[in-house]
Amino acid sequence: MPLGPGQRVLAVADDLSGAAETAAALLSRTTRTRVLLDPRTDTPAPAGTTTVFDLDSRQLSAADAAARITTALTGLAPDTVVCKKVDSLLRGNLAAEIAALAATGRGVLLAPALPAERRTVRDGVLHTDGVPLHTGDAWRAETAAPPRSVAEALGVPVALLGLQAVRGPGHHPRTALREALATGLPVVADAETDADLDALLAATLDIDPRVVLAGSAGLALALGRTLGGGPPAPLPPPGPAARPLLVVVGTAEPVAAEQVRRLVADGAALYALDHAPSHPGPALPPLRPGVTVLTPRQDGPPDPAAARSIARHLARTAAALLDTAPGPADLVLTGGETARRVLDALGVRELRPRGQVHHGAVLAETPDGRTVVTRPGSYGGPDSLRLIVRALRAPAARTPTTPTPPPTPTPAPPAPKSGRTSQDHAKGPFMNATPAAAAGTAPTTAGNTGALPVIAVTMGDGAGIGPEVIVPALLDAGTLSRIRPVVVGDAERLRRAAELLGLTDQVEIVTVEGPADAEFTPGRINVIDLGLLPADLPWGKLSAVAGDAAYQYVRVASELALSGAVQGICTAPLNKEALHAGGHLYPGHTELLAHLTGVEEVSMMLSTDTVKVIHVTTHIGLIDAVARIEPGLVERTVRRGHDALVRAGVEHPVIGVCGINPHAGENGLFGYGEEEEKIVPALEVLRADGIDARGPLPADTAFFLAGRGDYDLIVAMYHDQGHGPVKILGLEAGVNLTVGLPVIRTSVDHGTAFDIAGTGTADPGSMIEALRQAAALAPSPTG
């Protein structure tokens, strides 16, 4: 059944952060999305409305949790699609709630995989980071033992749909799913990728749209993609720094302590509460302007039995603090139980989601104008709270001062290497940046127009050729006429590269705290020095230390971009094997940047003077790529490419779309009709919207025609289909663009070249071109 913008959707979740996460997943299709904190359905929802109920049932008895499910589903319009958000770790009253859903007679598909958080289901067993749930420590804060399988968590017989069935012929599990649903049992489905969830969802809606869709946020995201409706609106601008912001951390996850530590290092006030007292505690000081963190004191391992009393104590304290605020205050709430208790204490009964700061960190507004960000306790890395705070609060304005001529710059000494951790390095330079950095301003000096975009240049893998192409690229005569570059990397490594290139006398490498402290004069390279690489790091050798450092450079650059301190990012190459060895399991820059900026879907575009190519899929195996391709993904990819070209000045782009099979299937002679099923429907929609998208074309024909100028853009279906021709037609000047991020990102189109690293022979042409295209695409700074 095709779903349109008039479709009613009802989603239910067992805690508030899960409800908000589900609402955000469905937000892209409509602005009429709401989270209600009371499962009453007195009147049917209007057509085109997505309603998400927080049932607040995580801590209830099984019978009471089932009763709330029944209440929420009472009085539904017959055409309502029902989605049950389950905990991606199978916690809560899962068995009772699925049983209540099965009792409605609608049928239940349970697909709890959450690929974005590396939670997958194979053979009916939930895995976290590849480890079966029952053998890991993901349930360390629970009182019960983790289930050995999804079926064991439900406690009833199930029909299991294995991964082979999910990825059936043509990636269509309809036949197997129809047979499983016919048993009358809850259907538990394996899934490892978003493509698996998309296929399950499409098959279910085709068989019977009344079937209840039960799953984690991964399945909700699949439903959001099916409903369509375009990308979500941008988040509202940050509020003033003087407005109070209360961050309530109600989770026992180990990363929470580091998240809080980093906020406090940024200047946040900290209230660490003892466990709920039996008598009123001491009077609290008034909530001051700026950021305040409220968290329980952790003197030992978490006590699951005390979790609810701690949440209530936090809620009472938060409400009391907010009563002392000098004006309206906003909230950041981590942990579903704590978030619900705080909003209950404030009398909030509805949230209106606006978007996500990063995956799972949902920004919403209350009817009285308060901004609230909720986030599951287990989500987010060490900088999660920092990213959230920066999305909510603009930095304080810098007090104007009378400018004085800058002194003659001299090279900064190498940063000390001993006694500093990678977290210290990653934190210091950016976090100590002056407030003007977030406004995108910088001192006006000779050679600086004051209106050029600030571009963060990440150093990539320090054992590769990144430092050797950055130095000459930033000395290029045209670079400072287009951009204001600030390198995020290691200053000493850049000095070694300058020495290899014989440029020591021509370059001055200066460490800066942030973009606002940089001066842009010929021969000077400004570096936010993270100091992560040892002095004896060999060139051209795989290194876990260099892999971790490459990740940290990109992370800091992403923070700079999200805060507004830079208008774009240009990346030197990293080595995927080193990145993984450093503990960061991302396929490459594209996926890493998407994760760090909270974007669910982006596209890779390769650009040369001869041809431009955008990819529907990139860093996955060929079989998985064919399975993942579907009309919605093709359509969104083409639109991203079209919009990028229009922004770059191509008024009416002509776009050639490749097929999947040789000769684009040749009318069914090759393949199983993938072109007709996966590509043609997307092209019909695009053409109806006035986009000149032609195809499906045989790939060899498409690139031949593009090479002679017939097409402005080629859409490749998988990695090598696009990369091979580009490398033949223009590798040296090629540029890698990531399309769909909230910030401009360009990159060289070559790897770390370990075979020539440290020889001083690397060609900087692609880096110079990447910087040029960053300048062409980046917006002008504001402020």
Side-chain angles (χ1 to χ4, degrees), residues 3 5-58 65 68-77 79-88 92-94 97-98 100-101 106 112 114 201 212-227 229 232-233 333 335-337 339-340 342-344 348-356 359-367 372-376 379 600:
L3 302 182
Q7 181 67 51
R8 294 181 181 87
V9 177
L10 173 69
V12 293
D14 66 359
D15 71 356
L16 182 59
S17 59
E21 185 181 10
T22 303
L26 302 174
L27 186 61
S28 63
R29 61 179 280 272
T30 173
T31 56
R32 297 188 298 276
T33 301
R34 56 186 182 166
V35 177
L36 301 181
L37 277 63
D38 196 337
R40 293 177 297 180
T41 53
D42 298 333
T43 58
T49 298
T50 295
T51 300
V52 185
F53 285 132
D54 169 24
L55 301 183
D56 193 25
S57 60
R58 178 70 66 88
R68 291 200 179 178
I69 288 278
T70 302
T71 299
L73 269 59
T74 301
L76 285 182
D79 64 343
T80 303
V81 172
V82 176
C83 178
K84 169 65 174 82
K85 163 66 169 64
V86 305
D87 183 76
S88 62
N93 284 299
L94 180 65
E97 291 175 340
I98 296 298
L101 293 169
R106 282 176 164 251
L114 183 56
L201 180 70
V212 177
L213 305 167
S216 70
L219 192 62
L221 286 165
L223 180 57
R225 289 190 290 271
T226 298
L227 292 166
L333 307 172
E337 175 75 9
R340 177 61 188 248
V342 171
L343 294 184
D344 283 347
V348 174
R349 309 307 301 158
E350 179 178 346
L351 294 175
R352 300 165 185 167
R354 297 288 299 275
Q356 297 192 79
H359 178 68
V362 181
L363 187 150
E365 294 175 349
T366 63
V372 178
V373 173
T374 60
R375 196 210 69 197
Y379 282 22
E600 295 295 337

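These values consider heavy atoms only, across backbone and side chains, with no hydrogens, waters or symmetry-generated copies. By convention here, the first residue in the shown sequence is residue 1.
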- Item | Pair R375-S17, side-chain donor/acceptor within less than 3.5 Å |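 R375 vs S17: no donor-acceptor pair found between side chains.
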- Message: I'd like to know if the side chain of D54 reaches the main chain of R340, judged simply by a donor and an acceptor atom lying under 3.5 Å from each other, with no hydrogens or angles considered.
- Response: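 No; zero donor-acceptor contacts below 3.5 Å.
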- Task: Only counting residues at least two apart or in another chain, list the ones meeting salt bridge (Lys or Arg N to Asp or Glu O under 4.0 Å) with K84.
- Result: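 Applying salt bridge (Lys or Arg N to Asp or Glu O under 4.0 Å) to K84 gives E97.
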- Message: For R354, is there an ion pair with E365 - N to carboxylate O distance below 4.0 angstrom?
- Response: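 Looking at R354 together with E365, the answer is yes, because their closest N to O distance falls below 4.0 Å.
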What closest approach, in Å, do [X] and [Y] show between heavy atoms, and which atom pair accounts for it?
| X | Y | result |
| --- | --- | --- |
| A23 | P353 | CB-CG, 3.8 Å |
| L219 | A214 | CD2-O, 3.5 Å |
| L10 | A72 | CD2-O, 3.5 Å |
| S57 | N93 | O-ND2, 2.9 Å |
| V52 | A19 | CG1-O, 3.4 Å |
| V362 | A20 | CG2-O, 3.4 Å |

Taking the side chain as every heavy atom from C-beta outward, state whether [X] and [Y] have any atom pair closer than 4.5 Å.
| X | Y | answer |
| --- | --- | --- |
| L37 | D56 | no |
| L351 | T366 | yes |
| L76 | R106 | yes |
| L55 | T71 | no |

Looking at [atom1] of [X] and [atom2] of [Y], how far apart are the two atoms once the value is rounded to the nearest 0.5 Å?
| X | Y | atom1 | atom2 | result |
| --- | --- | --- | --- | --- |
| R349 | L343 | CZ | CG | 9.0 Å |
| L221 | L114 | CG | CG | 7.5 Å |
| K85 | L213 | NZ | CG | 14.5 Å |
| I69 | L101 | CD1 | CG | 4.5 Å |

- Item | Name of the residue among L26, V35, L223, V81 meeting side-chain contact (heavy atoms from CB on, under 4.5 Å) with T50 |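 Only match with T50 under side-chain contact (heavy atoms from CB on, under 4.5 Å): L26.
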- Message: Applying salt bridge (charged side-chain N to carboxylate O under 4.0 Å, His left out) as the test, list every pair that has at least one member in residues 15-27; sequence neighbours left out.
- Response: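 Residue pairs passing salt bridge (charged side-chain N to carboxylate O under 4.0 Å, His left out), neighbours aside: D15-R58.
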